[in-house]
Every structure is written in structure tokens, then in C-alpha cells.
Number of protein chains: 2
Amino acid sequence: MPKFEPIILDEDCAPRRVLELFSVKWTTMVLHSLHFNGGRCRTSALARSLPGCSKKMLTQTLREMERDGLIHRKVYPVVPPMVEYSLTPMGRLFIEPIEMLYAWGAKNDDALSKLRRRRKKHTASKAKAREAQ
Amino acid sequence: MPKFEPIILDEDCAPRRVLELFSVKWTTMVLHSLHFNGGRCRTSALARSLPGCSKKMLTQTLREMERDGLIHRKVYPVVPPMVEYSLTPMGRLFIEPIEMLYAWGAKNDDALSKLRRRRKKHTASKAKAREAQ
DNA sequence: CCGAATCCAGCCGGATACTG
DNA sequence: CAGTATCCGGCTGGATTCGG
């Protein structure tokens, strides 16, 4: 084997920063959904487009993304309330790599489907205990 | 705003599968490191290239990746022990999008550095408590 | 419809000690 | 050097309830 010092992925290098953003569970999916809706979307529609994301998780993700400047939140003063999220320029910056990644995934779907499932879905254990009671 | 039904990112679609893999903390970095070392690398070198990844996390990640068929593990019967990890064809499949993503990150480094920090590093709180004792 | 707040079981992941 | 085993504090994130 070649014997040379491997590159060191320092804690604050660009690759890691990108990865960190991509590894936050719902962020990129929200950006993707917004993009597909012309850059703007209201909460409930967003929720529908992300099956498996609890309301709490969605709100939390949206708050963080807003703080990070990836999306903009606009509240319409009507009843019932209506909130619309839209991409900021910073958020739009991420569309390109995300769509690239997704496109790659679509193209290699069958190869990817052969990946053995990782990390058991650790839910549905408490619900069972609850109903047993 | 346009009023049309947003795409639904079903739980088992290609985009999600890709994202899930990318969102597992150390996986892509390991693949990246292996790639940069010509596709093979021993444990300690891998560890050195991933500052911040504890030994436990590294081992765990490597085990999962091995199970998923992304890397191959070869043990050399010598003392002291020597183990070498290498990319499988499946693992190699992921190199392209990973490098794409990293390259994009490098190119947009300054824009990315303006992202407000997310999710406080939740460590170093126990160590302090310990030394206080 | 949109969200905040609370509760709390279970997981994550670091630290440590031990094997070959 | 490479890896396993155990302990355990803190955080994650679902469920539920309340409010505008």
C-alpha cells in the first residue's frame, strides 16, 4: 500500500462545513421542497411534502434555517393564520449542489437500492409500550 | 404565490436514500479520505485524517460501512496488528458526488463561512464538571 | 392553520479500562 | 496498533396539550 500522509480534514475546512450542513437531518429536503415550489411554500404544504418529519422537527428545522439565513419567514395577518417560507439568496446558493446530489441519486437509484439498510428506525417502541399499558 | 401541490419526498425515494447516507456523520469523510489515499488506508492513518472523530465513532462507522458494502476490511496477521480499509466498487460509486460536493464547498468557502453557526457543539461540558470535582 | 411549551424514554457518544 | 466492553450524562425527538 502507498505510504504517505493522508490529508487531514481539519475541523473547520470547507468540506466539513458543507458536510455539516448536509448532515442536518431535514435542511436540504426543505430547501429542495421550496425550490420545487418556485422558491416559496407555506407550512402545511411543506409538512405534506416531508412525510416522516414530525411537526416539531419541521418547526425546529425551519427556525434554525431562518436563523442561518437560508430561508425567510413571512406571516400573513389573516385567520386562520398563514405562514410562507421562501428561499433567501443564501438558501438559493445551496440549490445547485442539492439538485446535483438528488439527480445523481435518481440516476443511480437501483444501485443505491442495493445498499443494505443502515441504522434501524429506532421509533415505534414507545408507542407499543404505551398501548400495552 | 403559485398554488400547486408540492412534490412529496416519499420515505423511500432516491433523494432520501442519498441524503440519508450523506447525513450519517462520518461516512462520507471516510470515503473521501480513502479516496485521497488511493482507495486504501490503515486505521490509524484514517483516524489522523479525521480530527474530532473519537476512536469509538470511527470503529462504529467503519463497521457500518463494511456491513453496507462500502468498504472492505483486511487484517494482516502481524504484530503489532495492522488493518487496512479499502473502497469497494459500491464505495467507489459514491466518490463522484462526494468530490463534487466538496469541490463546491471549496469554491464557495467564503460564502459558506458567513453561515451562522448551527447547533452548538454539545461537548466539553462533562469534562469541565469532571475536573471541577 | 401555525406554533410554543412540557414531559420523558431512549439513544448518542465520550471517557475509561482491558485484550491480543 | 486495533478493537471491545462498560458506564453514564446529556441531548434528541415524539407525544401531548394549550394558545392565538
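Sequence lines set the chain letters: A, B, ... in the order given, protein chains first and strands last, and positions in each chain run from 1.
- For C/dG14, one of the phosphate oxygens OP1 or OP2 lies less than 4.0 angstrom from a side-chain nitrogen or oxygen of B/Ser54.
- An OP1 or OP2 oxygen of C/dC2 is reached within less than 4.0 angstrom by no side-chain nitrogen or oxygen of A/Tyr85.
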Could you give me the CA-CA distance, side-chain angles and deciding distance for B/Leu101 and A/Leu19, then say whether side-chain contact (heavy atoms from CB on, under 4.5 Å) is met?
-> CA-CA 8 Å; B/Leu101 195 57; A/Leu19 256 241; 4.0 Å; yes
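- For the pair B/Lys55 NZ and D/dT4 C1', the interatomic distance rounds to 11 Å; values are reported in whole Å.
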Passes side-chain contact (heavy atoms from CB on, under 4.5 Å), B/Arg48 versus B/Ser44? Steps please.
-> CA-CA 6 Å; B/Arg48 253 174 288 126; B/Ser44 53; 3.6 Å; yes
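- Taking atom CG on A/Leu46 and atom P on C/dG3, their separation rounds to 10 Å, with Å as the unit.
- Residues B/Leu46 and B/Leu62 are in side-chain contact: their nearest non-hydrogen atoms beyond the backbone lie under 4.5 Å apart.
- Dashed line: the shortest gap from a side-chain N or O of B/Thr59 to OP1 or OP2 of D/dA2 is not under 4.0 Å.
- At its two ends the helix from C/dC1-D/dG20 to C/dG20-D/dC1 runs along axes set 40° apart, each axis drawn from five pairs and the angle rounded to 10°.
- B/Met57 has its CE atom 14 Å from the P atom of C/dC11, to the nearest Å.
- When each of C/dC1, D/dT4, C/dG3 is scored by its nearest atom to the side-chain atoms of A/Arg63, the top-ranked nucleotide is C/dG3.
- When the side-chain nitrogen and oxygen atoms of A/Arg73 are compared with OP1 and OP2 of C/dC2, none of them lie within a distance under 4.0 Å.
- Between B/Leu112 and B/Trp104 the shortest side-chain heavy-atom distance falls below 4.5 Å.
- Among D/dG13, C/dC2, D/dG3, the nucleotide with an atom closest to any side-chain atom of A/Val83 is C/dC2.
- Place A/Pro81 and A/Cys53 on DNA chain D by their nearest nucleotides, and A/Cys53 ends up nearer the 5' end.
- Legend: residues meeting salt bridge (charged side-chain N to carboxylate O under 4.0 Å, His left out) with A/Asp10, ordered by chain and number and at least two apart, are absent.
- Within the 4.5 Å cutoff, the side chain of B/His72 has no heavy atoms near those of the B/Arg40 side chain.
- Put simply, the side chain of A/Ser54 does not reach to within 4.5 Å of the side chain of A/Gln60, judged on heavy atoms.
- Two residues, A/Gly52 and A/Pro80, neighbour DNA chain D, and the one matched to the more 5' nucleotide by heavy-atom proximity is A/Gly52.
- When rounded to the nearest whole Å, the span between CG of A/Leu58 and C1' of D/dA15 equals 16 Å.
- The interatomic distance linking A/Glu64 (CD) with C/dG3 (P) rounds to 15 Å, in whole Å.
- In this structure, B/Lys25 atom NZ and D/dC11 atom P are separated by 15 Å, rounded to whole Å.
- Regarding contacts with the backbone of C/dC1, every side-chain N or O of A/Arg42 stays at 4.0 angstrom or more from both OP1 and OP2.
- In this structure, A/Gln60 places its CD atom 13 Å from P of C/dA5, rounding to the nearest Å.
- For A/Lys56 and C/dA5, the NZ to P distance is 12 Å, given to the nearest whole Å.
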